[in-house]
Number of protein chains: 2
Amino acid sequence: MDERKKRVLSAIINDYIANAEPVGSRTITKKYDLGVSPATIRNEMSDLEDEGYIEQPHTSAGRIPSAKGYRYYVDHLMRRERLSAAQLRQIREFMASGLSEMDHFMRACCNMISRMTNYTAIAAIPERSSGRIVNLQLLPVNERQVLTILLTSSGLVRYKLLDLPSLAESRELPLLEQRLQQALVGSELSAVSTERLHELIQELQLRERMQEQVIGLLEQTLAPEESRRVFTGGVMNMLSQPEFRDIDKLKGLFSLLDEDGRVKELLAKASPEDSVLTVTIGGEIPVEGVQDCSLVVANYFVDGERAGSIGVLGPTRMSYGRTVSLMEQIAAELSRTMSGKEK
Amino acid sequence: MDERKKRVLSAIINDYIANAEPVGSRTITKKYDLGVSPATIRNEMSDLEDEGYIEQPHTSAGRIPSAKGYRYYVDHLMRRERLSAAQLRQIREFMASGLSEMDHFMRACCNMISRMTNYTAIAAIPERSSGRIVNLQLLPVNERQVLTILLTSSGLVRYKLLDLPSLAESRELPLLEQRLQQALVGSELSAVSTERLHELIQELQLRERMQEQVIGLLEQTLAPEESRRVFTGGVMNMLSQPEFRDIDKLKGLFSLLDEDGRVKELLAKASPEDSVLTVTIGGEIPVEGVQDCSLVVANYFVDGERAGSIGVLGPTRMSYGRTVSLMEQIAAELSRTMSGKEK
DNA sequence: TGTTAGCACTCAGGGAAAGAGAGTGCTAAC
DNA sequence: GTTAGCACTCTCTTTCCCTGAGTGCTAACA
């Protein structure tokens, strides 16, 4: 693809991103100074269409980028847009504001991103986060219930209120707690499998009928809590996008965003384990409901291992340059902040 | 209003609720057997319109209920609809499934209601919930952070990860924890004001520079956590309502539902402190964005005091009979379940 | 006096027709 | 290889007309 074709493609995509309307040859000569006449542009456009980079909604309309066109743009033409000082400051302030609890932190992060981009932000924390168990407590709430609390070095707090099946056991709680602490505090979360728990219970030599209760208890506490490991922000921004004037499209998209499982699947499919940033365009994602969307996903890492994914979902006609810069910055800061946390 | 007028109004409202289309005189004679001709119905309708119970979108259309009409219907004509056995069972099962943590419980409750009604459910837990402090713990996470955990008799678990301004203090934590427990465990949450905390700190005779830190710590822990005291469910159901085919209306409504503060305001304005169930119709609520909606709010009580509000937001054309029955049932069960919890 | 049939009238919604405008593709000249 | 000119295509908008639903009014009826 020669230089001028690239400039034409760039112009078409940039204009379409800005105005959401098919771009004609005259528009290009007027707004983007390529030094040639509309007729020449038309020839180039005709070529670009033959090669599949752009398409025509109908004969008498301008051209719009195709998925292939966007792909080429993202891979070769796109300029990263420098973040404004104000934005940088906002991100830094946010990171410094303390990520006390993962929950609030991620929710707030999604909100910040959605406000900055005017798109929708989605995030997921992986199933079992890395980190060591820092503390494990069993707090009796009343005769029938116990609150188990798990603290990890990555700043994750997990608690679960569990029902005790029999009153008798509550008397043995302090002892149980002590033993569990001895056994588990300090170990890597990832090392605590169901098998390990079974062994542990054996070692503890508990009364038989209590064994499975305790295992259940711990498993539930350690179990990844599906529900709150997926976050979204700025879903409503989609309402302002002209491509979602159509209620049925909205429905499809929103029903997707409403289901944590499908959001997680989306993030997983859109970003390889070890990539920092992935841009997925339109139909490239094999997930129902996001055909007209693009997704910019960033992974952040702690100790070289992926600690989570966070992404921006917008119309295919999204402002890639801005979004990519922003997400690179955010991922970097997240990695830094979370690693700092570890120490 | 005579008997026949009531029947006509009922017919109009029931039909409009079912079909979302203006109701004509012929439709009424055909579908609702009133034993009179369309012409007679027309006369009645003309009267009803003069009195403001119904209105005409345009000359050649049927009639639709006005806010006043709905109000009369809800107050005098509406039949409560018996819940199906399946629904009752679902509710009971849900209540029995354990309200381990308020958060998940309320979220799940909203989801259940929205599934049952196909409308949107909103809920709020009041600022400072009733109940006694059952346990208060300060768990050191690392040198710089402490996790404060507060357990209340109403089953509420609140935790907050707090930064310690200086390392020195962390050594004094166990002592502090012990003293705070002695002083606070057992007291009513509502009795713990900022003033009380100040007194308490005085009594504890802490080193001066630690005093305000501890107060801050406790205040933050006790402080109502705005963010997660408001819940919504089934927001997307609104997309299926014909009255929200219009994107701009949707935007107004969704932006309201997106802001916890405004949702809380809505619930508060829509239900008097001591009422069990309140139906608010259309413009009756002085809140931007819900002009085309009605709201059925139920309060539930623990120890005679309001423990929270939960409501259904739907189009003015909502199925009041069904919704009211459902919410009465839910509120009753909530009151029962939460009171049971106390013991 | 209340009810009904008949009829003229009104108005939204849908479809067809016409015109405007945007944009292209092709041809021929530069 | 580039450009001007021009015919052509197709959408979008506006206008017009027609249809159908539903009303309100009047006069007759019980």
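What's counted below: heavy atoms across the whole structure, side chains too, no hydrogens, waters or symmetry copies. In the text below, chain A, chain B and the rest are named by the order of the sequence lines, each starting its count at 1.
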message: Please determine whether side-chain contact (heavy atoms from CB on, under 4.5 Å) holds for the pair A:Ser325 and A:Arg82, giving the CA-CA distance in whole Å, both sets of side-chain angles, and the decisive distance to 0.1 Å.
response: CA-CA 7 Å; A:Ser325 310; A:Arg82 209 193 205 89; over 6 Å; no

- request: Kindly indicate, with the supporting measurements, whether the criterion side-chain hydrogen bond (donor to acceptor under 3.5 Å, both in side chains) is fulfilled by B:Ser319 and B:Tyr119.
  value: CA-CA 10 Å; B:Ser319 176; B:Tyr119 301 129; 5.0 Å; no

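- With respect to A:Met116, the side chain to side chain contact (heavy atoms under 4.5 Å, CB included) criterion is satisfied by exactly one of A:Asn111, A:Val312, A:Ile91: A:Ile91.
- Using a 4.5 Å cut-off on side-chain heavy atoms (C-beta onward), A:Ile113 and A:Ile310 make contact.
- If you take CG of A:Asp50 and P of C:dG25, they are 9 Å apart, rounded to a whole angstrom.
- Set against C:dT4, D:dG24, C:dC26, the side chain of B:Gln56 has D:dG24 as its closest nucleotide.
- For D:dC18, the paired nucleotide is C:dG13, the pair qualifying as Watson-Crick or G-U wobble because both relevant distances are below 3.5 Å.
- Picking from D:dG24, C:dT4, C:dG25 the nucleotide with the shortest atom distance to the side chain of B:Arg63 gives D:dG24.
- For A:Arg42, the listed nucleotide lying nearest its side chain is C:dT24; candidates were C:dA5, C:dT24, D:dT23.
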Under 3.5 Å between N/O atoms: give me all the protein pairs with nucleotides 11-20 of chain C, atom names plus distance.
residue: C:dC11; atom: O2; partner: B:Ser60; partner atom: OG; Å: 3.0

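- Contact detail for B:Lys264 and B:Ala124: the closest heavy-atom pair is CG-CB, 4.2 Å.
- Here the P atom of nucleotide D:dT23 and the CG atom of B:Leu48 are 12 Å apart, to the nearest Å.
- Here C:dT24 presents its C1' atom at 14 Å from CD1 of A:Ile41, a figure rounded to the nearest Å.
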- request: Walk me through it: do A:Lys31 and A:Asn19 pass the test side-chain contact (heavy atoms from CB on, under 4.5 Å)?
  value: CA-CA 13 Å; A:Lys31 293 211 271 183; A:Asn19 304 313; 3.3 Å; yes

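- Distance A:Glu44 CD to D:dT3 P: 11 Å, rounded to the nearest Å.
- Smallest separation of non-hydrogen atoms from A:Ala20 and A:Pro242: CB-CG, 3.9 Å.
- Salt-bridge check for B:Glu243 with B:Lys249: failed, with every basic side-chain N at 4.0 Å or more from each acidic carboxylate O.
- Comparing A:Ser25 and B:Gly35 against DNA chain C, the residue whose closest nucleotide sits nearer the 5' end is B:Gly35.
- A pairwise comparison of heavy atoms in B:Tyr16 and B:Pro65 identifies CD2-CD, 3.5 Å as the closest pair.
- Between the CD1 atom of A:Ile12 and the C1' atom of C:dG23 there is a distance of 13 Å, given to the nearest Å.
- Ring geometry for B:Tyr53 against B:Tyr72 counts as perpendicular: the plane angle is over 60°, on a 0 to 90° scale with 30° as the lower cut.
- Nucleotide C:dA28: paired with D:dT3 (Watson-Crick or G-U wobble, both distances less than 3.5 Å).
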Output one line per pair: protein atom, nucleotide atom from nucleotides 27-30 of chain C, and distance, for all N/O pairs under 3.5 Å.
none

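- Remark: C:dG2 base-pairs with D:dC29. Criterion, Watson-Crick or G-U wobble with two distances under 3.5 Å.
- As a whole-Å value, the separation of B:Arg26 CZ from C:dA5 P is 12 Å.
- Taking atom CD1 of B:Ile64 as the reference point, atom P of D:dG22 lies 14 Å away to the nearest angstrom.
- Rounded to an integer number of Å, the gap from CD of B:Glu49 to P of D:dG24 is 7 Å.
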